[in-house]
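First the structure, in the form of C-alpha cells, and then the observations on it.
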Amino acid sequence: MIEDGKYSVLFVCLGNICRSPAAQAVFQRMVDERGLTDRFYIDSAGIGGWHIGDLPDKRMRVHARPRGYELTHRARIVHFSDFEDFDLIVGMDATNVDDLRCKAATPEQERKVVMMGDYIRQFPHHDYVPDPYYEGSEGFELVLDLLEDACDNLLDRIIEQNNISK
Ligand code: 4NP
C-alpha cells in the first residue's frame with residue numbers, strides 16, 4: 001500500500017518511454033475527470049532499464065499532446081517492492097505480463113498482474129497494446145486509441161470492485 005485510502009495502479013511496458021507513461025497520463029486524466037484524484041496513486045515503470053531517467057519518447061509526447069496529455073514521467077524500472085506497494089499492475093502485452101508474473105514473489109503478488117488488452121472493448125481486432133517503438137505515426141495513434149478505450153473500462157472495473165467513491 002502506497003498511501004492509506006488510495007488505490008494504487010502501476011502501468012508497465014518494456015521501456016517505460018512509450019506505452020506505459022501514456023497509459024499513466026490517460027488513466028490519470030480519467031481519474032481526475034471523475035473527481036477521484038485523491039483516491040488513486042498512479043505510476044508507470046519498465047521491464048528493461050535502458051531509458052531510466054528519460055522523458056517519454058519524443059514521438060509519444062508529440063502524438064499525446066493534441067489529445068491534451070503532457071507526458072512528464074521519468075522512466076524507471078520495475079522494482080520487486082512494486083509488487084508489495086501497488087494494488088494492481090497492468091502490463092501492455094502478454095510478454096510484459098509473463099515477465100511481471102515471473103518477478104512476483106508470491107501467488108498473491110502474481111494475482112495483482114493483469115493485461116491492458118483484456119480491457120479493450122471498442123477495437124475487436126486488438127487484444128494487446130502493441131509496442132510502437134519501431135512503428136510510424138499510426139503505431140503511436142493506435143496506442144493512444146487503445147489506451148483511451150481500455151483505461152475507461154479498467155477504471156470502471158476498479159471502481160466497481162473496490163467500491164471507490166468521491
Ligand atoms: P515501450 O516501447 O515499451 O512502449 O516503452 C519501447 C521503448 C524502448 C524500447 C523498446 C520498447 N527499447 O528497446 O529501447
Side-chain angles (χ1 to χ4, degrees), residues 2 8-32 40-83 85-105 109-155 157-158:
I2 300 270
S8 51
V9 185
L10 182 68
F11 294 102
V12 174
C13 60
L14 183 57
N16 193 212
I17 54 167
C18 296
R19 293 166 291 173
S20 61
Q24 180 183 353
V26 169
F27 192 79
Q28 181 71 63
R29 189 166 84 193
M30 287 177 180
V31 163
D32 294 346
F40 281 85
Y41 180 85
I42 304 157
D43 196 7
S44 66
I47 298 288
W50 313 284
H51 299 283
I52 289 173
D54 291 352
L55 278 171
D57 187 287
K58 177 99 188 288
R59 297 165 296 169
M60 193 78 249
R61 283 185 282 140
V62 163
H63 284 276
R65 194 166 297 128
R67 300 188 192 217
Y69 307 110
E70 284 299 323
L71 306 186
T72 57
H73 176 76
R74 292 283 176 173
R76 73 167 178 89
I77 199 165
V78 174
H79 304 300
F80 288 110
S81 57
D82 290 327
F83 291 87
D85 293 342
F86 284 84
D87 295 307
L88 194 69
I89 302 179
V90 187
M92 297 296 130
D93 59 33
T95 309
N96 300 157
V97 167
D98 286 348
D99 289 343
L100 286 164
R101 290 194 174 137
C102 280
K103 286 179 188 288
Q109 291 186 0
E110 245 184 83
R111 284 194 291 274
K112 292 183 177 188
V113 180
V114 298
M115 185 163 81
M116 188 64 111
D118 291 339
Y119 296 89
I120 294 171
R121 281 183 296 201
Q122 292 171 21
F123 298 85
H125 301 299
H126 294 275
D127 57 4
Y128 67 97
V129 182
D131 185 347
Y133 196 64
Y134 297 104
E135 303 295 330
S137 295
E138 322 78 55
F140 287 87
E141 289 297 322
L142 174 64
V143 164
L144 289 163
D145 288 341
L146 295 174
L147 290 176
E148 286 179 333
D149 177 27
C151 280
D152 194 45
N153 190 20
L154 174 66
L155 182 53
R157 299 285 84 75
I158 292 173

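The first residue of the sequence shown is numbered 1, and numbering continues consecutively from there. For ligands, and for the atoms within them, numbers begin at 1 and follow the listed sequence.
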Geometry only, no angles: is [X] polar-contacting ligand 1 at N/O separations under 3.5 Å?
X: Y134; value: no
X: P132; value: no
X: R19; value: yes

- [ ] Working to the nearest 0.5 Å, report the span between CD1 of I77 and CD1 of I47.
- [x] 8.0 Å
Task: Value rounded to 0.5 Å, distance of CZ in F40 from CG in D87 - done: 9.5 Å
TODO: Please list, chain by chain and in numerical order, all residues satisfying side chain to side chain donor-acceptor pair (under 3.5 Å) with R65, sequence neighbours excluded.
DONE: E70
Task: Contact partition for D57 relative to ligand 1, non-hydrogen atoms under 4.0 Å - done: neither
Open item on the list: Heavy atoms only, cut-off 4.0 Å: how does H51 contact ligand 1, side chain, backbone, both, or neither?
Closed with: side chain
TODO: Identify the two heavy atoms, one from G46 and one from N16, that lie closest to each other, and give their separation to 0.1 Å.
DONE: N-CB, 3.3 Å
Task: Check ion pair R19-D93 (N to O, under 4.0 angstrom) - done: yes
TODO: Indicate yes or no: does R76 engage D82 in a salt bridge with an N to O separation below 4.0 Å.
DONE: yes
TODO: Would you mind running through ligand 1 and noting each atom that sits below 4.0 Å from a heavy atom of C18?
DONE: 1 (P), 2 (O), 4 (O), 5 (O)
Task: Residue G15 vicinity, atoms of ligand 1 by number, heavy atom under 4.0 Å - done: 1 (P), 3 (O), 5 (O)
Task: Shortest protein contact, atom 1 (P) of ligand 1 (heavy atom only) - done: C13 SG, 3.5 Å
Open item on the list: Which residue and atom name correspond to the protein heavy atom nearest atom 2 (O) of ligand 1, and how close is it?
Closed with: D131 OD1, 3.2 Å
For residues 120-141, which side-chain N or O atoms pair as donor and acceptor with protein atoms under 3.5 Å away, sequence neighbours left out?
| residue | atom | partner | partner atom | Å |
| --- | --- | --- | --- | --- |
| R121 | NH1 | N153 | OD1 | 3.4 |
| D131 | OD1 | Y133 | N | 2.9 |
| E141 | OE1 | R67 | NH2 | 2.5 |
| E141 | OE2 | H63 | ND1 | 2.6 |

